[in-house]
There are 2 protein chains.
Amino acid sequence: MPRNKSDQNREEKRDEIVTAARSLFIKDGFEATPINRLARAAGVSANTIYWYFKDKDEVLVAVLDGELNARMTEYLKVTFTNHTERLLWVVNQLEEVSLLVSTVHTRLQSSAAINVWHERFHAMTEGLLRAEMQTLGVASEKMDALVKISVFAVEGLLSHDVSGSDKTSICEALATGW
Amino acid sequence: MPRNKSDQNREEKRDEIVTAARSLFIKDGFEATPINRLARAAGVSANTIYWYFKDKDEVLVAVLDGELNARMTEYLKVTFTNHTERLLWVVNQLEEVSLLVSTVHTRLQSSAAINVWHERFHAMTEGLLRAEMQTLGVASEKMDALVKISVFAVEGLLSHDVSGSDKTSICEALATGW
DNA sequence: ACCTGAACACCGTTCAAGT
DNA sequence: ACCTGAACACCGTTCAAGT
């Protein structure tokens, strides 16, 4: 059943706002992008954004969903030769949106919407990681701990910008143990 | 040489502000504590705080220094039976000031003062950890990676509140390898 | 339904003026 | 030197009013 014209326009307009938000949030950061500037970039007035989104955090969630989708599509297309390489790929991808990552961790506490998104994201990535590590023969008693350690290490790499060689050796240590 | 009266009063007043800030920042959080409320709790007017501190972040740095000092004094008094126990102790200590921890990671980007403090903190804790792990016979090529992984894992535990049993198994995995 | 200009509430910080 | 009341700048959000 085809959408009516009004609905189409609504989605297009919403998308324009999200597109503008994506580029600004990634380049300048969520906190450094006032609603006013976002509105100007999207070609609407500031309060119009509140017609399409409940609040600024909901705009962020839309951006996050879009980015996650794009990166996941990419991930499924790549073939990795080993686990270290896979972890490094993830780190590099996340580094391109590192401002988004730190904003999520910041707003987690004050925004229920971001909190929910963050939990879903962790559940998903931990699930993928667990499946991958099972094929590598990680002992099942240490599995849960190692999965979380890997996720935390990747997040740490993003927020503490570490040298490239340290990044590599950290991913290697995660992949091969000690 | 004794301080003159004016200097004494200045330090005492400053301390009163820091004491009020410590309790509010830890209980409610830095972001949820407007300068106004802090001023009222300290018994001064809002702008008086700017006579003693350059800005709100500098108040935070004073609180962080005080807390770090207190916890370090405590740390040196405790004797640990193994490395897992030591890591768990650190996690528990940091959990008592978890709002401070997440605020530091948040304000890191926008405040030079917090950034400097954060770097010093990491240098110090990584140094302590490295020394400890050397006595445990960790291979020196993996040392740097393992130190950073441990720090990141501890930070992850704080910001993602994980179950108690997961905490234990993560610290065990960090201490005993995989 | 969709959009806007104007206003509101909040917050960190500064300024002119006092002692 | 120390402190204050008042004001400023900024920002997210809402409201009354338009089409």
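Proteins come first, then strands; the chains are lettered A, B, ... in the order of their sequence lines, and each starts at number 1. Just the heavy atoms: all of them, side chains too, but no hydrogens, waters or symmetry mates, feed the values below.
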- prompt: In dot-bracket form, how is DNA chain C paired, counting a Watson-Crick or G-U wobble pair only if both its distances are under 3.5 Å and using | for bases paired to another strand?
  reply: ||.|||||...|||||.||
query: Which atom names give the shortest non-hydrogen contact between A:I114 and A:V104, and what distance separates them?
result: CG2-O, 3.7 Å
Value in whole Å for how far the C1' atom of D:dA6 lies from OH of B:Y50: 15 Å
query: Going by atom types only, do B:S102 and B:S159 share a side-chain donor-acceptor pair under 3.5 Å?
result: no
task: Measure from the side chain of B:P34, starting at C-beta and using heavy atoms only, and say which of D:dC3, C:dC11, C:dT14 lies closest.
output: C:dC11
message: Please pick, from D:dC3, C:dT14, C:dC2, the nucleotide with the shortest atom-to-atom distance to any side-chain atom of A:R10.
response: C:dC2
task: Whole angstrom is fine here: how far is it from CD in B:E31 over to P in C:dC10?
output: 18 Å
task: Could you tell me whether A:F53 contacts a base, only the sugar-phosphate backbone, or nothing, with contacts defined as non-hydrogen atoms closer than 4.0 Å?
output: nothing
Residue-level proximity of residues 38-46 of chain A to DNA chain D when a heavy atom falls under 4.0 Å: none
message: Using only atom types and a distance under 3.5 Å, with no angle test, would you say the side chain of A:K148 pairs donor to acceptor with the backbone of B:G156?
response: no
- prompt: Do the side-chain N and O atoms of A:H160 and B:H122 include a donor-acceptor pair separated by under 3.5 angstrom?
  reply: yes
query: Considering only D:dT13, C:dT4, D:dC3, which nucleotide approaches the side chain of A:T48 most closely?
result: C:dT4
Partners passing side-chain hydrogen bond (donor to acceptor under 3.5 Å, both in side chains) against A:E67 (at least two apart in sequence or in another chain): A:R71
message: Can you confirm whether the side chains of A:R10 and A:Y52 place a donor and an acceptor under 3.5 Å from each other?
response: no
Atom of B:A62, atom of B:F53 and distance for their closest heavy-atom approach: CB-CE2, 4.1 Å
field: Nearest-0.5 Å distance, CD1 of residue B:I49 to NZ of residue B:K13
entry: 11.0 Å
message: Output the rounded distance in Å from CD1 (B:I17) to P (C:dG12).
response: 15 Å
field: Nearest listed nucleotide, side chain of B:W51, among D:dC2, C:dC2, D:dC11
entry: D:dC2
task: Round to the nearest Å and state the distance from A:D57 atom CG to D:dC11 atom C1'.
output: 14 Å
field: D:dC3 phosphate, OP1 or OP2, under 4.0 Å from B:K13 side-chain N/O
entry: yes
statement: A:R37 CZ to D:dC10 P, in whole Å, measures 12 Å
- request: Check the distance between D:dC15's P and A:I49's CD1 and give it to me in whole angstrom.
  value: 18 Å
- request: Determine: side-chain N/O of B:Y52 to OP1/OP2 of D:dC3, distance under 4.0 Å, yes or no.
  value: yes
- request: Check the distance between C:dC10's P and A:D55's CG and give it to me in whole angstrom.
  value: 17 Å
query: Please give, in whole Å, the distance from D:dT14 P to A:K56 NZ?
result: 14 Å
task: Identify the two heavy atoms, one from B:A145 and one from A:A173, that lie closest to each other, and give their separation to 0.1 Å.
output: CB-CB, 4.1 Å
Closest contact, heavy atoms only, A:T84 versus A:N82: N-OD1, 3.2 Å
